[in-house]
Amino acid sequence: MELQERRYPIGIQTFSEIREKNYIYVDKTEYVYRMANGVAKYLFLSRPRRFGKSLLTSTLHSYFAGQHDLFKGLAIERLEKDWTEYPVLHFDMSTAKHVDRKRLESELSGKLAEYERLYGRSDEEVEVNQRLQGLIKRAHAQTGRQVVVLIDEYDAPLLDVMHEEENLPVLRNVMRNFYSPLKACDPHLRFVFLTGITKFSQLSIFSELNNIKNITMQPEYAAVCGISSEELATQMGEDVERLASRLGVTPGEAATRLRERYDGYHFAMPSPDIYNPFSLMNAFADGRLNSYWFGSGTPTYLIEMLRKYGVTPQHIGSRTCQAEDFDAPTERMADITPLLYQSGYITIKDYDADAELYTLDIPNTEVRVGLMRSLLGNYVDVPREANTAIALMSVPLRKGDMDGALRIIQQYLGTIPYCSGCTTEGHYQQLLYVIFSLLGHFVDIEVRTPRGRVDMVIRTKLAVYVVELKIGSTAAAAMAQIDLRQYPERFALAGLPVVKVAVSFDTEARTISDWKIEGE
């Protein structure tokens, strides 16, 4: 059937523009009504970047501004009857990234000046906190209605310095000073909403404002940002059909590919499956699948933090912990779990209610491949050439030819310059973990069996590979260890052929010296 043209709001975060120009809008207005009319006046929501926080904030702005016409046909139209217009102070802190104290204060001053042109300013108001307090009181007095304050990406000025002992306290004090009037102005406020990526400690940022309700992990708001599996099925079925046509596959196959690549997020338990909205919209707009979210921001700070905390690639996911271990202030974190979770690189995958334990893991293929590609430079000096070699490896692996894949690795490693640390078994173990993860296969390290630990297990669509690595020894010795400890028995019920792979590395040649494969 002929599909009508669809407009996707790529990079557009203003609700009024999306509605007025007929862009696709996934209806979140029932959440907006619930937030605006709940028991809490002050709300905080944390979500990863490009997950729709700014659009949600803009939607709240339009709602509180009484712009009824923008909401026609949406869920909120049957819920809201009054449509009262309130004065709204909307501050987008994303413009205050990579700044020092002077520039941050200048940014805040400029934001206040926009509203002071509307509501005026007293000569006695000099500091930014005095000016914000004056604005709130005057807006209330002039309109006769309490004020709505929306602060989007409240933590943007702090993200780049979150672990700098010198700069973080300086910028944090500036922001704390700016936010300080929010409690004193409580009688003048109708609603306050703050969004961010990270959860900074309430004490350090909001001073005495201890009545903020954090809805980040509440199940009733699990799908407030992102696109749920139900929303995809009910509101975007036409878009899946269009993508399937572009890819030359059935709609069912297109839906499966989207799920594997962009789905898998959970911000509470219970929670529906949540798709990354930025990647999903880009895939629909382009008619192809790509690493849109990961490619939209180089996670330099994340790679630095992984090094700082000594986190190897295989230990990024598969974490079991309690909520306070990951839904925690990042400036006081003892390990990298809060940063990984709040930034969207790992997400909730399971929950044991009795033990109050969450299982966290990498959400989907897009994030896993993006992370591994970023980490590849830790193990080879020319990661761009490595990407070509890895792509070549995919051809024999799709046919179940591990011998051909190892031959390509051998040739590639033999051509690259010396890489520090490549004299240990752990180095090559982590390198192979990254390579096979980039190929989209399930890889596990140091897998326990009744008789020991397998160095590596790789699961493809055709086989389970049980891999033993040796340095300064032979592939025959590695194969003997596999047989002696009967590693394959552990995976006999996997439903796939179990293939034994013994690999030996030569530290002088810095590549694979030989290998043996049995069961292929």
Side-chain angles (χ1 to χ4, degrees), residues 6-13 18 23-31 45-56 59 75 195 197 216-247 249-297 317 340-350 360-371 440:
R6 303 274 277 177
R7 303 188 71 193
Y8 300 97
I10 308 300
I12 301 174
Q13 304 174 75
I18 289 174
Y23 285 100
I24 301 297
Y25 175 69
V26 176
D27 192 352
K28 300 289 185 179
T29 59
E30 186 170 342
Y31 294 104
L45 176 72
S46 170
R47 286 292 185 270
R49 61 183 176 83
R50 295 190 179 275
F51 249 83
K53 299 186 301 297
S54 296
L55 176 56
L56 176 63
T59 308
T195 77
I197 293 176
T216 300
M217 289 187 64
Q218 291 197 343
E220 56 266 40
Y221 291 107
V224 69
C225 288
I227 297 174
S228 71
S229 52
E230 180 182 357
E231 289 167 340
L232 180 66
T234 59
Q235 300 185 46
M236 308 193 79
E238 179 181 334
D239 305 284
V240 176
E241 286 187 36
R242 180 187 297 273
L243 177 66
S245 177
R246 296 279 293 273
L247 296 177
V249 300
T250 66
E253 176 61 22
T256 298
R257 294 187 187 183
L258 289 171
R259 182 170 59 253
E260 291 174 350
R261 189 172 284 250
Y262 305 130
D263 191 14
Y265 293 92
H266 308 93
F267 301 105
M269 275 293 169
S271 166
D273 286 343
I274 303 295
Y275 287 76
N276 185 313
F278 182 77
S279 293
L280 200 60
M281 290 292 186
N282 272 281
F284 287 145
D286 291 352
R288 62 190 180 97
L289 307 182
N290 209 336
S291 295
Y292 296 105
W293 181 77
F294 206 95
S296 67
L340 286 171
Y341 173 77
Q342 294 171 32
S343 299
Y345 298 105
I346 59 176
T347 192
I348 299 170
K349 288 297 184 179
D350 199 6
L360 308 178
D361 210 340
I362 296 171
N364 51 45
T365 300
E366 178 187 23
V367 178
R368 183 178 297 278
V369 169
L371 277 170

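Note that this is a predicted model, so its numbers are computed, not measured. Values reported hereafter were calculated over all heavy atoms of this structure, with side chains retained and with hydrogens, waters and symmetry mates removed.
If you take CD1 on I24 and CD1 on I12, they are separated by 11.5 Å, rounding to the nearest 0.5 Å. In this structure, the separation between CD1 on I227 and OH on Y265 is 12.5 Å, given to the nearest 0.5 Å. Atom CD in E253 sits 9.0 Å away from atom CG in L247 (nearest 0.5 Å). Between the CG atom of N276 and the CD atom of E366 there is a distance of 6.0 Å, given to the nearest 0.5 Å. Atoms CG and CG, from D361 and L340 in turn, are 11.0 Å apart once rounded to the nearest 0.5 Å. We find the SG-NZ distance between C225 and K28 to be 7.0 Å, quoted to the nearest 0.5 Å.
Counting heavy atoms from C-beta outward, L232 and D263 have side chains that stay 4.5 Å or more apart. Contact check for Y31 versus T59: no side-chain heavy atoms found under the 4.5 Å cut-off. Residues T256 and V249 have side chains not in contact (no heavy-atom distance under 4.5 Å, counting atoms from C-beta outward).
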Dump the intermediate steps for side chain to side chain contact (heavy atoms under 4.5 Å, CB included) on M217 and I348, then the final yes or no. CA-CA 10 Å; M217 289 187 64; I348 299 170; 4.1 Å; yes

Let's go through M281 and V26 carefully: what are the C-alpha distance in whole Å and the side-chain angles of both, what is the deciding distance for side chain to side chain contact (heavy atoms under 4.5 Å, CB included) to 0.1 Å, and is it a yes or a no? CA-CA 11 Å; M281 290 292 186; V26 176; 4.2 Å; yes

Taking it one step at a time, do L56 and T195 satisfy side chain to side chain contact (heavy atoms under 4.5 Å, CB included)? CA-CA 9 Å; L56 176 63; T195 77; 5.8 Å; no

Kindly indicate, with the supporting measurements, whether the criterion side chain to side chain contact (heavy atoms under 4.5 Å, CB included) is fulfilled by Y275 and R259. CA-CA 8 Å; Y275 287 76; R259 182 170 59 253; 3.5 Å; yes

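Checked by atom type and distance alone, the side chain of S228 never pairs as donor or acceptor with a backbone atom of I274 at under 3.5 Å. A distance-only check finds no donor-acceptor pair linking the side chain of S245 to the backbone of E241 [under 3.5 Å]. Here the side chain of S46 pairs no donor or acceptor atom with the backbone of T216 at under 3.5 angstrom. In this structure a side-chain-to-backbone donor-acceptor pair under 3.5 Å is present from Q235 to D27. Side-chain atoms of R242 do not come within 3.5 Å of backbone N or O of A285 as any donor-acceptor pair.
The shortest heavy-atom contact between V367 and F294 is O-CE1, 4.1 Å. P48 and S343 get closest at one heavy-atom pair: CB-O, 3.5 Å. Between Y345 and R49 the shortest heavy-atom distance is OH-NH2, 4.0 Å. The heavy-atom pair separating S54 from Q13 by the smallest distance is CB-OE1, 2.9 Å. Between K53 and R47, the closest heavy-atom pair is NZ-O, 3.2 Å.
A side-chain hydrogen bond (donor to acceptor under 3.5 Å, both in side chains) with Y8 is found for one member of N282, D239, D286 and no other, namely D239. Of the candidates D350, D273, T347, H266 forms a side-chain hydrogen bond (donor to acceptor under 3.5 Å, both in side chains) with just one, namely D273.
In E220, the CD atom is crowded: over 12 heavy atoms of neighbouring residues, nucleotides or ligands sit closer than 6.0 Å.
The aromatic rings of F51 and W293 lie perpendicular to each other, with more than 60° between the two planes, well past the 30° mark. In this pair, Y262 and Y292 present their aromatic rings tilted. The plane angle is within the 30 to 60° band.
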